[in-house]
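First up is the structure itself, then whatever we jot down about it.
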Amino acid sequence: MHNPKDRTGATATHKVQELTERSISAKMSGDSGKSSWPEVVGLPSEAAKQKILADRPDVQVIVLPVGSFVTTEFNPKRVRVFVNPAGYVAEIPKIG
């Protein structure tokens with residue numbers, strides 16, 4: 001079977017193997033690469049927290065009321081979930 005090389009000399013099979021290895025490494029480190037969760041907007045805060053932790057067990061999830069004062073430093077192991085007064089996610093949670 002012919003496996004043509006790209007401009008860098010890598011074959012398609014080699015690229016697939018490299019991507020698979022990176023994916024396995026990311027999963028083993030607990031980092032799925034996911035950095036935001038638009039799909040949880042409108043969910044109760046606890047359901048959103050569980051979904052985020054299922055995707056990224058390596059992060060700390062902090063639930064806060066919308067409009068809360070927060071620090072500005074970036075933390076790659078933190079996800080803030082802002083909720084409305086009824087306790088539902090009001091903004092897209094993201095790493096930071």
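As the structure is a prediction and not an experimental result, all values here were calculated from the model.
Interatomic distance, Ser45 OG to Gln50 CD, rounded to the nearest 0.5 Å: 10.0 Å.
With contacts defined as side-chain heavy-atom distances shorter than 4.5 Å, the pair Ile62/Gln60 qualifies. Residues Glu91 and Val41 are not in side-chain contact: their nearest non-hydrogen atoms beyond the backbone lie 4.5 Å or more apart. Side-chain contact check for Trp37 versus Ile92: every heavy-atom pair is 4.5 Å or farther apart.
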If you look only at distance, which donor and acceptor atoms sit under 3.5 Å apart when one is on a side chain in residues 78-88 and the other is two or more places apart or in another chain?
residue	atom	partner	partner atom	Å
Arg78	NE	Gly96	O	3.0
Arg78	NH1	Glu73	OE2	3.3
Arg78	NH2	Glu73	O	2.7
Arg78	NH2	Gly96	O	2.3
Arg80	NH1	Thr71	O	3.3
Arg80	NH2	Thr71	O	3.4
Arg80	NH2	Thr71	OG1	3.1
Asn84	OD1	Ala86	N	3.0
Asn84	OD1	Gly87	N	3.0
Asn84	OD1	Tyr88	N	3.0

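Nearest heavy atom pair, residue Arg56 against residue Pro76, reads NH2-O, 4.0 Å. The minimum heavy-atom distance between Val89 and Pro44, with the atom names listed, is CG2-O, 4.5 Å. Of all the heavy atoms in Pro65 and Ser68, the pair that sits closest is O-OG, 2.6 Å.
Under the 4.5 Å side-chain heavy-atom criterion for Ile, Leu, Val, Met, Phe, Trp and Tyr, Val63 and Val66 are members of distinct hydrophobic clusters. The hydrophobic cluster containing Phe74 does not contain Leu64, counting ILVMFWY residues as joined when their side-chain heavy atoms lie under 4.5 angstrom apart, directly or transitively.
Using a cutoff of 4.0 Å between basic side-chain nitrogens and carboxylate oxygens, Glu39 and Lys34 are scored as salt-bridged.
The side chain to side chain contact (heavy atoms under 4.5 Å, CB included) test with Ile95 singles out one residue from Asn75, Val59, Ile52, and that residue is Val59.
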